[in-house]
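Below is one structure, written out as structure tokens, with a few remarks after it.
FYI, side chains are in, hydrogens and waters are out, and symmetry mates aren't considered; it's all heavy atoms of this structure.
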Amino acid sequence: MKQVLAVGGGAAGMMAAAVAAKYGARVFLLEKQSRVGMKLSITGKGRCNLTSAEEDIERFIAGYARNGQFLFTALNAFSNLDLIRFFQEHGLDCKIERGQRVFPQSDKASDVVRVLYENLERLGVDVNKSQGVKALLFQDGKAIGVQTQKGKVLADAVIIATGGMSYPRTGSTGDGYRWAAAAGHHIIEPRPGLVPLVVEESWVSELQGLSLRNVRATAWSSKGKKINEDFGEMLFTHFGVSGPIILSMSRDIAEELFQQEKVRLVLDLKPALNEETLDQRLQRDLALYSRRQFRNSLDDLLPRKLIPLMVRLSGIDPQKASNQVSRQERKKLLQLLKEFELTVVATRPIDEAIVTAGGVDVKEVDPRTMQSRLVKALFFAGEILDIDGYTGGFNLQAAFSTGYLAGKNAALLYG
């Protein structure tokens, strides 16, 4: 029996280790933290958006911002439906929510970690926690093990599943990038993916904590090119904006910011109404509250926290009687509602990102096996690869699918 070594106890590493054991290898899993699945246990605000229920593989692949086609074999080998079935067979039912998002029925990410860990135990994987790796070991162009804090661990195949650089307190500190580079791999510069955005306007702090639903956001480059557009829920913070649609758009916005350009983010606060219909609505509200001051006439139209800012930005005298608001003033307010503009100047740091964009260049990894094209017996799985998806469970599915393929081939090729 040959030995497979998996480094990293996250979603990809635990899946890889389990599958390698299932295919007959003796498997050691090394995790530098005191417990496995630390990042997994906090994903989805502790609920864990496991995957997407989208069944068409081409549409599923469209859920990745970069190198989605690289995942074609992995997704066919272990699909989103296979993942759902895996958890159900191990006693954890799943449910589908808005946007095809799949969660455990219990709404507990800890249950996902528990199922994965119990599966490792059942398959006889030797899990070593608090076991930091210092370097990969090579001989004659082949990976032969790792150097840990406690000594050498030798193996017939090594799987690197150490994640990216987001949420470093969970153990994702970029170690795997250094090892891959030492093996000769090109590392696409790690950048934040799915990350909140920082805006230039100082008044945004007044809106901190305000969540808006059914908003359309459109991002434009300084040259007038549309970067991205999304519809749904967003959140204002003390530094800028966050929430589901902002995170989904952040990958493309970050690419533009990487070119040292500011990005114009335009919010349509009333996307269900065209300008003519919205203008009629405004006239109706102003007439309904004709005896009120203008600042007190927008309660039916906007969240209370947003009203003072909108009144100020409109330039309309807040104490003016509502029935005295002019047609020109109303048009300015209408424009604000349909084109509420923010200037994005940066993303939050990579350690605040949900996922890392960049990583090991996938051109140097065989998509059929997840084995390095440069070093024999070296495999990669999960976020360490230059693959990142939008929100909706795509990133975890990539971790599970690449982990599955890496574990299977590490065992079959060298088992």
Using a strict threshold of under 4.0 Å (side-chain N to carboxylate O), is an ion pair present between [Y] and [X]?
| X | Y | value |
| --- | --- | --- |
| Glu97 | Arg47 | yes |
| Glu206 | Arg312 | yes |
| Asp107 | Lys95 | yes |
| Glu89 | Arg85 | no |
| Lys320 | Glu329 | yes |
| Glu255 | Arg251 | yes |

(request) Give a yes or no on whether the ring-centroid distance for Tyr289 and Phe294 is below 6.0 angstrom. (result) no

Please round to the nearest 0.5 Å and tell me the distance separating atom [atom1] of [X] and atom [atom2] of [Y].
| X | Y | atom1 | atom2 | answer |
| --- | --- | --- | --- | --- |
| Ile246 | Leu267 | CD1 | CG | 6.5 Å |
| Asp386 | Arg66 | CG | CZ | 4.5 Å |
| Ser314 | Ile307 | OG | CD1 | 11.5 Å |
| Ile354 | Asn49 | CD1 | CG | 10.0 Å |
| Phe340 | Asp268 | CZ | CG | 12.0 Å |
| Leu265 | Met234 | CG | CE | 7.0 Å |

Is the count of non-hydrogen atoms from other residues, nucleotides or ligands lying under 6.0 Å from [X] atom [atom1] greater than 12?
| X | atom1 | answer |
| --- | --- | --- |
| Glu58 | CD | yes |
| Arg373 | CZ | yes |
| Lys152 | NZ | no |
| Gln147 | CD | yes |
| Lys338 | NZ | yes |
| Glu121 | CD | yes |
| Lys129 | NZ | yes |

Closest contact, heavy atoms only, [X] versus [Y]:
| X | Y | value |
| --- | --- | --- |
| Val325 | Arg330 | CG1-N, 4.0 Å |
| Leu212 | Pro303 | CD2-CG, 3.7 Å |
| Pro168 | Asp351 | CD-CB, 3.3 Å |
| Thr347 | Pro192 | OG1-CG, 3.3 Å |
| Met38 | Arg169 | CE-O, 4.1 Å |
| Val375 | Ala183 | CG2-O, 3.5 Å |

Can you check whether [X] reaches [Y] side chain to side chain, under 4.5 Å on heavy atoms?
| X | Y | answer |
| --- | --- | --- |
| Val7 | Trp179 | yes |
| Leu50 | Ile84 | no |
| Ser172 | Tyr167 | no |
| Tyr177 | Met165 | yes |
| Phe60 | Thr51 | yes |
| Leu269 | Met310 | yes |
| Arg281 | Asp300 | yes |
| Val360 | Ile187 | yes |

Main-chain N/O of [Y] paired with [X] side-chain donor or acceptor, under 3.5 Å:
| X | Y | answer |
| --- | --- | --- |
| Ser41 | Ser110 | no |
| Asn395 | Gly389 | yes |
| Gln131 | Thr148 | no |
| Glu54 | Gln100 | no |
| Lys270 | Leu301 | yes |
| Thr218 | Glu229 | no |
| Ser250 | Val195 | yes |
| Gln371 | Ala410 | no |
| Asn274 | Thr277 | yes |
| Tyr64 | Phe394 | yes |

(message) Walk me through whether Ser248 and Thr391 qualify under side chain to side chain donor-acceptor pair (under 3.5 Å).
(response) CA-CA 6 Å; Ser248 286; Thr391 57; 2.6 Å; yes

(request) Might you work through the side-chain contact (heavy atoms from CB on, under 4.5 Å) test for Leu83 and Phe78, ending with a clear yes or no? (result) CA-CA 7 Å; Leu83 181 66; Phe78 190 72; 3.7 Å; yes

(request) Consider only side-chain N and O atoms of Thr162 and Lys32, and report whether a donor and an acceptor are under 3.5 Å apart. (result) no

(message) Looking only at side-chain N and O atoms, does Ser211 offer a donor or acceptor that is under 3.5 Å from a partner on Glu233?
(response) yes

(request) Can you spot which of Val112, Leu40, Val102 makes a side chain to side chain contact (heavy atoms under 4.5 Å, CB included) with Leu396? (result)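 Answer after filtering Val112, Leu40, Val102: Leu40.
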
(message) Between Glu276 and Asp279, is the side-chain contact (heavy atoms from CB on, under 4.5 Å) condition met? List the steps.
(response) CA-CA 5 Å; Glu276 182 181 351; Asp279 190 33; 5.8 Å; no

(message) What verdict does the side chain to side chain donor-acceptor pair (under 3.5 Å) test give for Asn76 and Thr73, after you've listed the backbone C-alpha separation in whole Å, the side-chain angles of each residue and the deciding distance to 0.1 Å?
(response) CA-CA 5 Å; Asn76 272 294; Thr73 301; over 6 Å; no

(request) I would like to know whether Ile316 and Lys332 meet side-chain contact (heavy atoms from CB on, under 4.5 Å); could you show each step before the answer? (result) CA-CA 9 Å; Ile316 302 171; Lys332 178 63 186 293; 5.9 Å; no

(request) Check step by step if side chain to side chain donor-acceptor pair (under 3.5 Å) holds for Ser166 and Lys39. (result) CA-CA 9 Å; Ser166 56; Lys39 183 177 179 182; 2.9 Å; yes

(message) Between Leu120 and Val36, does the side-chain contact (heavy atoms from CB on, under 4.5 Å) criterion hold? Intermediate values first, please.
(response) CA-CA 11 Å; Leu120 293 175; Val36 297; 5.6 Å; no

